[in-house]
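Reading through the structure tokens given below for one structure.
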Amino acid sequence: MNANETLVLLLQIGLLLSLAVVLGQLARRLGMPAVVGELSAGVLLGPSLLAHVAPGLSGWLFPSTPSQMHLLDAVGHFGVLLLVGVTGMSIDMKLLRRRSLAVAQVSAGGLLVPLALGVAVGFVLPASLIAEGAERAVFAWFIGVAMCVSAIPVIAKTLLDMRLLHRNVGQLIISAAAVDDVAGWLLMSMVSAMATTGVRVREATAAVGCLAGVLLFAWFVGRPVVGTMLRLPSRSADPGVVVAVAVLIVMLSAAGTQALGMEGVLGAFFAGILIGSSRWVDREHLAPLRTFVLSVLAPLFFATAGLRMDLTALGDPVVLGAASLMLMVAVVGKLAGGYMGARVGGIGHWDALALGAGLNARGVIQMIIAMVGLRLGVLTMEMYTIVVLVAVGTSLMAPPMLRYAVRRGEAVSPEETEREKALDIGPAPDRPVGRWRPGTSSPRAAPP
């Protein structure tokens, strides 16, 4: 890094973070989660506005040179790994063991329905959106995979902003999203192989075996190792030692899954679950980490993600029509799939709708898939822009849809109240008003 690159990076971080915090607080005042304002900060500073209002300033502050962009992306990636890790620490494994069948049914519906709709859309989109030399079938599968994923970082931040992560529906949403992402990355590896060498049974078997190996390693080896690493610093009165060890565990786990050809966020999520379920962890010691991640690193990451959105591309009628079709299919697919899976799993109407709405956010995961498709020569730049627009659009739509459903869903149970206290989460501003009757298994909000 030379002096100019250092200066530009510091100004980028300062401007993105300040605008993300301001717009995030404004979004809260308007009754929306802060993530909406944080994503909007990047949109305003990106090619949609600043590049047109002040092209000279935009070109200097956000140059298109790969080296400068990678510096900012590295900072954002560090933040998203810690955000996913903190989310994993908040997962209630006892609840998930009780509701494992429901989680499997919700994730199956939220995966298969949008995957099928996305593949179908890929076969009807104009040929001008397919890269030269790419096969239509490979292109369609790329679209299908992009449609079926959910973005754990965006969903996690939304649930934290809305004070819903401690709720049963929030726990089910983040767990189903994790299952969908695992399956999505597995499908992504197979589709990437289709674009290069074709699908081979050996590669597909190796990908499935690798994922199973990671889960077994985390259960039989990761748990005792994490417990040992946390036991020693837990005796210290300095919470900074526990925070440092927790960050170390998250980073090493993310590096492990990345080295195996899977996304680092999966390793970070698994590490967070192991930390949160360890009997040696003191959540009060982890509070500074949670505060820093949610207040600094997460807003910076979402603002950086918003920089990728270029609304001027919608001036092309073909791009506008394709983007509208894909956005509609993306929303309908996740809502319908998640809702049907939840209803089959015995979940009530409004909570099932909340599950579908929560899974709707694609965010950075869909952006990564778009970049892979562009790099492999499957997607054109116009199609890449459409996928990114859908990713950001669904991320912005998920919070208000989730808020509407949760307000009409189940009232807060004693178990959720205890979990709220354990996670040190403040009262939810949109908590449904209702009374819990002891002995009932499905508390409902009192009718207006």
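Quick caveat, the model's predicted, so the values are computed rather than measured.
Interatomic distance, CG of Leu274 versus OG of Ser253, reported as 7.0 Å (0.5 Å rounding). Note that the CE atom of Met1 and the CG atom of Leu71 stand 5.0 Å from one another [nearest 0.5 Å]. Taking CG from Asn168 and CD1 from Ile173, the interatomic distance works out to 11.0 Å, rounded to the nearest 0.5 Å. With rounding to the nearest 0.5 angstrom, the CG atom of Leu402 is 11.0 Å from the CG atom of Asp161. Interatomic distance, CG of Leu81 versus CD of Gln258, reported as 8.5 Å (0.5 Å rounding). Note that CG of Leu164 and CD of Gln171 are 11.0 Å apart. Values are rounded to the nearest 0.5 Å.
Remark: Glu5 CD is packed, more than 12 non-hydrogen atoms of other residues, nucleotides or ligands lying under 6.0 Å away. At most 12 heavy atoms of other shown residues, nucleotides or ligands fall within 6.0 angstrom of atom CH2 in Trp219.
Among all heavy-atom pairs drawn from Ser48 and Val43, the shortest one is CB-O, 3.7 Å. Nearest heavy-atom pair across Thr312 and Pro47 is CG2-O, 4.2 Å. Closest non-hydrogen pair, Ala322 versus Leu125, comes out as CB-CD2, 4.0 Å. Scanning all heavy atoms of the two residues, the minimum distance from Ile143 to Met326 falls at CG2-CE, 3.9 Å. Closest approach of Ala246 to Met89, counting heavy atoms only: CB-CE, 4.3 Å. Nearest heavy-atom pair across Ala27 and Gly37 is CB-N, 3.8 Å.
Inter-residue side-chain proximity for Trp280 and Val226 is flagged as unmet; no heavy-atom pair is nearer than 4.5 Å. A heavy-atom distance below 4.5 Å is found between the side chains of Leu83 and Leu294. By the 4.5 Å heavy-atom criterion applied to side chains, Val80 and His77 are counted as neighbours. Leu39 places a side-chain heavy atom less than 4.5 Å from the side chain of Ser395. Between Ile275 and Leu230, some side-chain heavy-atom pair lies under the 4.5 Å cut-off. With contacts defined as side-chain heavy-atom distances shorter than 4.5 Å, the pair Leu160/Arg290 qualifies. Using a 4.5 Å heavy-atom cutoff, the side chains of Thr380 and Met383 are in contact. In this structure the side chain of Val245 never reaches within 4.5 angstrom of the side chain of Val242, judged on heavy atoms.
Here the side chain of Ser150 pairs no donor or acceptor atom with the backbone of Ala177 at under 3.5 angstrom. Under a 3.5 Å cut-off, the side chain of Ser175 and the backbone N or O of Leu172 do not form any donor-acceptor pair. Looking at Thr394, its side chain does come within 3.5 Å of a backbone N or O of Ala391 through a donor-acceptor pair. Side-chain atoms of Lys334 never come within 3.5 Å of backbone atoms of Ala361 as a donor-acceptor pair (strictly under, hydrogens ignored). In terms of modelled atom types and a separation under 3.5 Å, the side chain of Gln12 and the main chain of Leu61 share a donor-acceptor contact. Judged by distance alone, with hydrogens and angles left aside, the side-chain atoms of Gln366 form a donor-acceptor pair with the main-chain N or O of Ala146 at under 3.5 Å. Put simply, the side chain of Arg223 never gets that close to the backbone of Ser278: no donor and acceptor are under 3.5 Å apart. Remark: the backbone N or O of Asn360 is paired with a side-chain donor or acceptor of Arg362 at under 3.5 angstrom. Remark: side-chain polar atoms of Ser58 are not paired, donor with acceptor, to backbone N or O of Ala54 under 3.5 angstrom.
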Original post:
Where do Val179 and Val106 land on the side-chain contact (heavy atoms from CB on, under 4.5 Å) test, with the steps shown first?
Top reply: CA-CA 10 Å; Val179 175; Val106 172; over 6 Å; no

**OP:** List the steps, then state whether side-chain contact (heavy atoms from CB on, under 4.5 Å) holds for Val119 with Phe139.
**Re:** CA-CA 8 Å; Val119 172; Phe139 171 81; over 6 Å; no

Original post:
Does the pair Leu16 and Phe62 meet the rule for a side-chain contact (heavy atoms from CB on, under 4.5 Å), with working shown?
Top reply: CA-CA 11 Å; Leu16 284 170; Phe62 297 102; 4.2 Å; yes

Subject >> Derivation of the side-chain contact (heavy atoms from CB on, under 4.5 Å) call for His285 and Asp238 >> reply: CA-CA 8 Å; His285 287 177; Asp238 182 8; over 6 Å; no

